[in-house]
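A short worksheet on the structure shown next.
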Amino acid sequence: MIEDAYSPRDLEQKWYARWLESDVFNRKISPDQPPHTIVIPPPNVTGILHMGHILNNTIQDVLIRRARQKNRSAFWVPGTDHAGISLQIKVEKELAEKGKTRQGVGRETFLELAKNWREKHGNIILEQLKKLGISCDWSALKYTLDPDYSRSVLAAFVKLYQRGYIYRGLRLVNWCPASMTALSDEEVIMREQHAILYSIKYEIVEKPGEFLIVATTRPETVMGDVAIAVHPEDERYRDLVGLHCWRPIVRESIPIIADEAVLKDFGTGALKVTPAHDAVDFAIGQRHGLPIISVIAKDGKLNDLTGPFAGMDRFEARRKVAEYFFKNGLLAKEEPYLNRVGYSERAGVSIEPMLSEQWFLRYPCVEEAKLAVREGFVCFWPKRWEKTYMHWLDNIADWCISRQLWWGHRIPVWYRKEGDRRDPRNWHVSIGGPKDPENWDQDEDVLDTWFSSAIWPLAVLGWPDEKAMETMGFDYFYPTEDLVTGPDIIFFWVARMIMLGINLLGDGEKVPSPKEIQRHIPFRNVYFTGIIRDNLGRKMSKSLGNSPDPLDLLDKYGVDGVRVGLLSMAPNGQDILFSEERVSQGKKLCTKLWNSFRFRQKNATEGDRTSLAAIVERIDENVLEADDWAILGKLLAAMEEFEGAMKAYEFNRAIQILYTFFWSYYCDWYIEVSKARRNATVFAVHDLVLRQLLLLFHPFIPFVTEELWHDHGYGTRFLAEERLETTEQLRGYLSGIGLENMQSLIGEVELIRELVMAVRALKAQFGLSSRRDVKFYFKTDPAARAIVNRHYHNVKYLLLTQFFSETEAALPFPACAVTLGSIYMDTADSLDVAAQERRLQIEIEELSRLIAINEKKLHNEHFLSRAPNGVIQGARDLLTENIAKKRELEAALLKLLTVRQT
RNA sequence: GGGCGGGUAGCUCAGUUGGUUAGAGCGGCUGGUUUACACCCAGUAGGUCGCAGGUUCGAGUCCUGUCUCGCCCACCA
């Protein structure tokens, strides 16, 4: 027997421990089953659990549990990410508190500290994830800095280098002066900010006393100016092109040139060209063969080429240089200006475009990656993200993959000592390094963390080590089935995994065929979750303090409640407005399920429940009544709809379907009506419905379903080992006991429901307590009478009345009309005739309106000739029904008026 | 500047390829401790589906325009 009260916490601890002990989530390579693999998006080791993790991992858990139910060999690979910059910043902060720097302690000690940090804090997030009840194969846990994973990363680098996709070059990169490293374009976020647009006067060399005015937001870079550019078709400056200007401060003559990149209508139409510190300027400089003068150092301070400003921070220098121009009469104008500036998201400072030697990846298999999605080898859910993906791939630029950090995978390149590092002949690229290490220096830099993430689906399955691949079942489990992630990392992660998967698994020589692409893609489906927002629509973040602590929520509502509540508010790929109310509803659902079993168990509990067949065996088809068939029919319909929703990854709809079936039809109707018929067959029907409900709900609410399953004797195996019967299989079982005859019986139940609800409403409308026993009279034709008779006990029970009898004529009582006929309520004493008259008038008017609509339709030639038969018949039926109801109400009204007159 | 998404009941959202009278939960109000459940039951009010056109027998659904909110991308210094 189950406990009276549902207390989630006990169940959670008990079952998760048992599941893990039994290895029920561990992968099994079984060739007779199709595989279903999911790789977790590795959370940061520096992270703590937030609502996004709960959503994301619950969805994965639902998918993987469903896969098991459908007889797939499921494998969910967990793991974590080393979080390069983010962890390095944390360790540096700890050092700073002790007055130390990473350079001070040296690389080796620093890495030791980082490792310790990770060991201390890195598993917190995993322990938190486990609380969610997620069914990963923990024996396959991977970490991006594990030795074998690291070898995979280096192998990928070497392979891509050998295939000509990786090169080293001097390029303008996004430099973060705070963390002192280059960043990829994707790591730079544009922010609007209030700046000042300065108009600076440059004296023309050939025309002393005449000035060219240039607008800039960055006066501190003038010392790096190498030209002034104007648009070739700009009439104002045509005569000046070819002449020169005096560069102020570090005085030098620089040319005035013409370039199409200059916008005529911005500022004065003249641009100062600083190739070392601006992307547009760099391009102009390249086109015109201009020199490159860097004036800002890696720490964001002005270097010694800046004369009096050397050593000054870039922002201070900006003000000071502007001041200098003002004092020297070179500042023509100064105006407030709103512009966009790139920021390093992690470090929170504005990035500096800077010329620097870095390693780059020219993306391989860009076209193939597009084809994979276009052809549906990889499906995006929702589909619209394909556009974002395609657009990025269409405008793709090489990826700066080197980082000037220590925490990460050190670049597997060695340079010959004393050799020129820019000359590839002095390079050695391999996983293990050169045989004579004493003659070489390894590159100091590490790889972008996203580079290691880009091979996640390959590396967790052992690639490229053949033995490891065999152990992990690479050939069996790859490609993976579902990837669940946020659309914000389409570029960072999803697209890169697709490109690298296709390239690295291919031979790298000939163009891969569509078949090969299909085999080499890392996943078949990508489900993009929404972003969780608070009830004001703001992104949930620690700094805003608007995010509930997920652990508190789990505590308060139980894991199952949070899971199902959160998914029920997650519309397909739309952002999610978080509501604690919905989470609470999730818990209520679990409680209700619990209580429905209590009802079942308060009655006789005997009977074999160990299989669907055994339960069906207990059903005596001669005892079955309309209500039984109706609930079984609803179950079939709900299952069918549920399957459709799940196939489309519409989890909120799927939950809604189960919820409505369970709550409205099963609990509110079937349990109630079956209370009058407590026989073995009815309890077998309960057992059947409850069993299927547990299976259907299990992926969403694994703990409470597991508990109830075992408690009610459905089996001794874990639900993770049970298969879910398909709708067709269930239909098969029910056909065996006469399913085919049930349609008309289900229709009867609907008619009785209509009647019961109408009469309840009638009672409420007259302010009668729902407990009050009232006499009802029922007026109808013989056929309907027979139906009512068959459900007589239910009608009386549900209306809480002892008296429900026939009448041949209209009565002077409050009345309502339903499809089966009209009902009069004997209020005996206190009848407000005027109120009843008003009510009837309103209802008659409403019916008249509906009748008019349908009559108009049915008199329309075009409607009759063009609408499908079903629709026309529907309109006819409705018309007939409404006319009948109206007639009944008119009779009731007439009777009422007659009584009033006498 | 380009792209994407949303605008349906007080709130959060459903609404399949156009087809019966636009739904659910929450909240509001009314009545109820009927031996599974007050984390419950019964009932009820509340909507010109952002706006304007168009296509159609029929539009929340399709087309055009428009307003508005949000997100992403883009080298106006």
Side-chain angles (χ1 to χ4, degrees), chain A residues 4 6 190 197 214-218 229 261-263 265-267 270-274 278-284 337 339-340 353 382 384-385 387-388 391-392 395 487-488 490-491 531 533 535 537 557 561 568-569 571 573-579 581-582 584-585 587-603 641 644 648 650 652-653 656 659-660 664 667-668 671-672 675 756-757 760-765 767-772 797-798 800 846-847 849-850 853-854 857 860-868 870-879 882:
Chain A
D4 280 356
Y6 163 58
M190 300 306 278
L197 188 62
V214 173
T216 180
T217 54
R218 303 208 56 191
V262 180
L263 297 156
D265 53 2
F266 185 89
L271 168 73
K272 70 187 212 47
V273 182
T274 322
D278 185 277
V280 179
D281 295 10
F282 183 79
I284 294 175
Y337 182 65
N339 68 344
R340 286 172 182 287
R384 66 185 139 87
W385 293 112
K387 260 202 167 163
T388 307
H391 182 256
W392 186 70
N395 297 284
D488 48 333
I490 288 184
F491 316 139
I531 293 165
R533 301 176 177 281
N535 53 6
Y557 299 104
S568 77
M569 69 177 118
Q574 223 71 267
D575 283 0
I576 297 146
L577 262 71
F578 182 79
S579 114
E581 191 59 50
R582 290 293 269 272
S584 139
Q585 224 180 304
K587 184 182 178 192
K588 287 181 183 175
L589 173 65
C590 299
T591 309
K592 185 83 173 173
L593 192 61
W594 186 268
N595 283 321
S596 66
F597 273 87
R598 289 186 59 215
F599 164 76
R600 172 65 190 88
Q601 294 193 354
K602 279 270 164 69
N603 296 285
E641 256 192 282
E650 291 172 18
N652 62 328
R653 191 161 70 90
Q656 190 57 48
Y659 186 98
T660 304
S664 305
C667 291
D668 290 348
I671 288 186
E672 290 311 313
K675 279 177 181 171
V756 167
M757 290 198 274
R760 279 170 173 170
L762 188 65
K763 215 165 155 186
Q765 277 163 5
L768 301 178
S769 151
S770 55
R771 287 299 297 148
R772 182 163 156 189
Y797 177 76
L798 294 168
L800 296 167
E846 175 63 10
L847 283 169
R849 192 179 68 84
L850 298 175
I853 290 174
N854 276 298
K857 248 189 213 175
N860 184 333
E861 288 297 323
H862 294 287
F863 176 70
L864 293 174
S865 58
R866 293 181 204 182
V871 174
I872 296 174
Q873 194 52 48
R876 285 210 178 103
D877 292 349
L878 199 62
L879 181 64
N882 285 334

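Chain letters run A, B, ... following the sequence lines, proteins first, then strands; residues in each count from 1. As the structure is a computational prediction, the values presented were derived from the model and not from experiment.
Rounded to a whole angstrom, the distance from the P atom of C11(B) to that of U17(B) is 28 Å. C67(B) and A52(B) have their C1' atoms separated by 10 Å, given to the nearest Å. Of the C1' atoms belonging to G15(B) and A24(B), the separation is 11 Å, rounded to the nearest Å. G50(B) sits 7 Å from G7(B) when the P atoms are compared, rounded to a whole Å. For G23(B) and A38(B), the C1' atoms lie 26 Å apart once the distance is rounded to whole Å. If you take atom P in G65(B) and the same atom in C76(B), they sit 27 Å apart, rounded to whole Å. The separation of G19(B) from U61(B), taken at their P atoms, amounts to 11 Å, rounded to a whole angstrom. For G27(B) and G10(B), the C1' atoms lie 8 Å apart once the distance is rounded to whole Å.
U35(B) is unpaired under the criterion used here, namely a Watson-Crick or G-U wobble arrangement in which both key atom distances are under 3.5 Å. Of all nucleotides present, only G70(B) satisfies the Watson-Crick or G-U wobble test against C4(B), with each distance under 3.5 Å. The partner of A42(B) is U30(B), judged by Watson-Crick or G-U wobble contacts that both fall below 3.5 Å. Base pairing of C62(B) is made with G54(B), judged by Watson-Crick or G-U wobble geometry with both donor-acceptor distances under 3.5 Å. Using N1 to N3 plus N6-O4 or O6-N4 for Watson-Crick, or N1-O2 and O6-N3 for G-U wobble, each under 3.5 Å, A9(B) pairs with nothing.
One can place CZ of F266(A) at 16 Å from P of G1(B), the figure rounded to the nearest angstrom. Between the P atom of G2(B) and the CH2 atom of W392(A) lies a distance of 24 Å, rounded to the nearest Å. In this structure, CG of L271(A) is placed 12 Å from P of C76(B), rounded to the nearest angstrom. Distance CG (N860(A)) to P (U56(B)): 13 Å, rounded to an integer number of Å. In this structure, CZ of F599(A) is placed 18 Å from P of C40(B), rounded to the nearest angstrom. Atom CG in D281(A) sits about 12 Å away from atom C1' in C76(B), given to the nearest Å.
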request  = Could you walk me through whether S596(A) and K592(A) pass side chain to side chain contact (heavy atoms under 4.5 Å, CB included), step by step?
outcome  = CA-CA 6 Å; S596(A) 66; K592(A) 185 83 173 173; 5.8 Å; no
message = side chain to side chain contact (heavy atoms under 4.5 Å, CB included), that's the test. Do Q585(A) and S568(A) meet it? Break it down for me.
response = CA-CA 9 Å; Q585(A) 224 180 304; S568(A) 77; 5.9 Å; no
Using a cutoff of under 3.5 Å, can you pull out all pairs of nitrogen or oxygen atoms linking the protein to nucleotides 3-6 of chain B, with atom names and distances?
residue, atom, partner, partner atom, Å
C4(B), OP1, K387(A), NZ, 2.7
G5(B), O2', Q574(A), OE1, 2.9

inquiry  = Counting primed atoms plus P, OP1 and OP2 as sugar-phosphate and everything else as base, spell out the protein contacts along nucleotides 17-27 of chain B at 4.0 Å heavy-atom distance: B, S or - for each nucleotide, 5' to 3'.
reply    = --BBB--SSS-
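Between R600(A) and N339(A), the residue whose closest nucleotide on RNA chain B is further toward the 5' end is R600(A). Residue-to-nucleotide proximity on RNA chain B shows that, of V756(A) and H862(A), the 5′-proximal contact is made by V756(A).
Defined by atom type and a distance below 3.5 Å, a donor-acceptor pair is present between the side-chain atoms of D877(A) and Q873(A).
Between C72(B), G43(B), C37(B), one nucleotide has an atom nearer to the side chain of F491(A) than all others, and that is C72(B). Side chain of K592(A), nearest nucleotide from C76(B), A74(B), C37(B): C37(B). Set against C37(B), C39(B), G43(B), the side chain of R760(A) has G43(B) as its closest nucleotide. Closest to the R598(A) side chain, of the nucleotides C75(B), C76(B), C37(B), is C37(B).
Residue M190(A) is classed as having no contact, given no heavy-atom separation below 4.0 Å to the nucleic acid.
The two residues D281(A) and T274(A) come nearest to each other via the heavy atoms OD2-N, 2.7 Å. What you find for L197(A) and T217(A) is that their closest heavy atoms are CD1-CG2, 3.8 Å.
To the nearest 0.5 angstrom, D488(A) atom CG is 11.5 Å from T388(A) atom OG1.
Contact annotation: Y337(A) side-chain N/O to A77(B) OP1/OP2 distance is under 4.0 Å.
R598(A) meets the side chain to side chain contact (heavy atoms under 4.5 Å, CB included) test with I2(A), D4(A), W594(A), N595(A), K602(A); sequence neighbours excluded.
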